[in-house]
Amino acid sequence: MCGIVGYVGEKKCTDILLSGLKSLEYRGYDSAGIAIIDEDTVKIFKSVGKIQNLFDKVENEKSNIKNPVVGIGHIRWATHGKPTLFNAHPHTCNCGNLAIVHNGIIENYKELREELTLKGAIFKSETDTETVAHLIAYEYESSKDLLIAVQNATKKLKGAYSLCIMHRDNPDEIIATKCFAPLLIGVGENENMVGSDVPAIIGITNKIIYLDDMDIAVVKKDGVVVRNYNGDVVNKKVVELSIKEDSLNKMGYKHFMIKEIFEQPDIIRNALNGRLKDVHSNIVFPEIDSLQSDKKIDNIKIVACGTSLHAGIIAKYIIEDLTGVTIEVESSSEYIYRNNTTNSSSLVIGISQSGETADTITAMRLAKDKGAKILIITNRPDSSICKFADSVIPVNAGIEVSVAATKSYTAQLIVLYLFAIYLCEVQKKHTAVLREIKQELLTIPSKIEHILNNKSEIEGMAKSLSHYKDFIYIARGTNLATAQEGALKLKEISYINATAYPAGELKHGPIAMLDENMPVLAILIPNHITFDKMISNCEEAKARNAKLIALTSSNDERLEKLFDYIIRVPEVSEILSPLITYVPLQLLAYYIANYLGKDVDQPRNLAKSVTVE
Ligand code: AGP
């Protein structure tokens, strides 16, 4: 949540800061601001709402901007205080000579605020961040050394933060520090940047220094010096990234979400290329081989949030089905606040697209403290969560910009399927069945392409369904989580209420809600033991006048009569069906939201990475 950018160099930095913020827009979009040092003064420009408002503001005031070569910027997702101009970052101290931007939450800000008020600080916002500005300013008064002031101030902070600080007296530097929130430095030629995520700096450089917790970096145009908590200089590794600019570009699509949906077949192809040589060879998983140890693992837990949790639920179904090994799956936010049974014989698998989700990070930390082995499945192997990992499996979806996760879900699913097959191969079980599954896996990308090529049918359907205010999605078996994921997609981007139920649960309560205003979308997998039961559940819904939508590959003659709409998908076995059934649900959600004119890539109230608990 929120995004930070900073620049020190020789170029006029306003455009660089604005474009860095633009590429972080998916992290938060309630308000935005920049602070620059220009003509020996700290100048601050802020606006509420989308980043475009800040572009307009800076443009309108360009006559007041001469030649700033140092600046910091922030894009906000409100935690403390409403998205107002006062609460927008950068924040400053009484004299206005210091400016800071902050991601995270300062837990002891109330106590600090009281103390600082007594010492004369005048607060203009409701934010926890402003406390840090006054605290550093107060420390600076006595030390007259910005680095020492930051060192002293951060020792008093409790909570999570990444901070960028600049001061009029030090017009050639930015100070950057972090604790439990990501921050990195982009190393350029006669210019350096700070960013909370790679997209912020990728327009300038692909050379990165990842800061560790409690590191404090002094960033100047011609050098970066990083010190640890004790003030000792630490040598940091400069990592060269190969981020494709395409990830940050809509490439002609109207939204990132639809672009990312269309990337899915290739993501599966790439994952298979790396790990599935041919159907006769075993799956290649060096990341899991490296997890083997003398310590016996006798229980496996998957912990994740949102879409990643849905991928985890599907993994439970397929792993239990193929291997007979029990898998527990739990939402990270539940796992961390109860006496769970994790112990030193546990393997805890954390799934997170961003690797920055606070609940999942805390879950991994707690599991690690209990002695569990930690396996992280993430799209960002450079993220904070990985530091708790015994092993990391990157899912390689490329940067996902749309807040609604689509391609990262695909990438997680395919890795989890390969993981399930791998576990089965280790057990030397079902060899012939596994061969068939592997054979069929290879056909999945073209099946998804088939669905994508027929997108206009779903688009048409979306138009005629877009006036409903509520939907129920039902499924049984492996696709229950597909229904949950489809409902989540619809909710988050169209703000239409959608709830998923195991179809058998309908008659235990939800059926009371059914009438002509409540469409029911059912996922029906032919030749599966649940197919006839699903038909009966749909008939029960029809008897209550619900509009019925089938998502199926079946040609069963009962369907045409029973359903008002049928979304057809290519034939696929039940076990692999979750690898294709979610695609029409992504498209349906997308086209409904687009038809309703919603802000598809940046839905209200949401942020791409939920870095607060
Ligand atoms: C998905 O569309 C969501 N925006 C959200 O549920 C997301 O999956 C969740 O916040 C978890 O994020 P992570 O995978 O980055 O941990």
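Every number for a ligand or one of its atoms is a count from 1 in the order of the listing.
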- Item | Which of the ligand 1 atoms, numbered from 1, are nearer than 4.0 Å to a heavy atom of Ala405 | 1 (C), 2 (O)
- Between Glu459 and Lys455, is a salt bridge (charged side-chain N to carboxylate O under 4.0 Å, His left out) present by the stated rule, with each step listed? CA-CA 6 Å; Glu459 193 173 358; Lys455 65 178 194 314; 5.7 Å; no
- Does any N or O atom in Gly306 lie less than 3.5 angstrom from one in ligand 1, N or O only? no
- Task: Name the closest protein heavy atom to atom 1 (C) of ligand 1, giving the residue it belongs to and the distance to 0.1 Å.
- Result: Thr307 OG1, 3.0 Å
- Per-atom contacts, ligand 1 versus Lys489 - under 4.0 Å to a heavy atom: 1 (C), 2 (O)
- Query: N/O to N/O below 3.5 Å, does that happen between Lys608 and ligand 1?
  - Reply: no
- Note on the structure: So the atoms of ligand 1 within less than 4.0 Å of a heavy atom of Ala404 turn out to be 2 (O)
- Query: Hey, are the side chains of Arg76 and His102 touching, using non-hydrogen atoms and a 4.5 Å cut-off?
  - Reply: no
- Item | Any donor-acceptor pair under 3.5 Å from Asn206 side chain to Ile202 backbone | no
- Query: For Ser354, is at least one N or O under 3.5 Å away from an N or O on ligand 1?
  - Reply: yes
- Task: Around atom 16 (O) of ligand 1, find the nearest protein heavy atom and jot down its residue, atom name and distance.
- Result: Thr357 OG1, 2.4 Å
- Distance under 6.0 Å and angle within 45° of ring axis: Arg275 vs Phe419: no
- Task: Could you check whether the rings of Phe262 and Tyr253 sit parallel, tilted or perpendicular, using 30° and 60° as the cut-offs?
- Result: tilted
- Report yes or no: does a heavy atom of Leu606 sit under 4.0 Å from some atom of ligand 1? no
- Query: So with a 6.0 Å cut-off around NZ of Lys447, is the heavy-atom count from everything else above 12?
  - Reply: yes
- Item | For Ser384 against Glu356, the heavy-atom pair lying closest together | OG-OE1, 2.6 Å
- Query: Which atoms of ligand 1 have any heavy atom of Val403 under 4.0 Å away?
  - Reply: 2 (O), 4 (N)
- Note: ligand 1 atoms sitting under 4.0 Å from heavy atoms of Cys305 are 8 (O), 9 (C), 11 (C)
- Task: Flag Thr360 as yes when one of its N or O atoms lies below 3.5 Å from any N or O atom of ligand 1, and as no otherwise.
- Result: no
- Item | salt_bridge(Lys158, Glu107) N-O dist < 4.0 Å | no
- Can you find an N or O of Ile351 that's nearer than 3.5 Å to an N or O of ligand 1? no
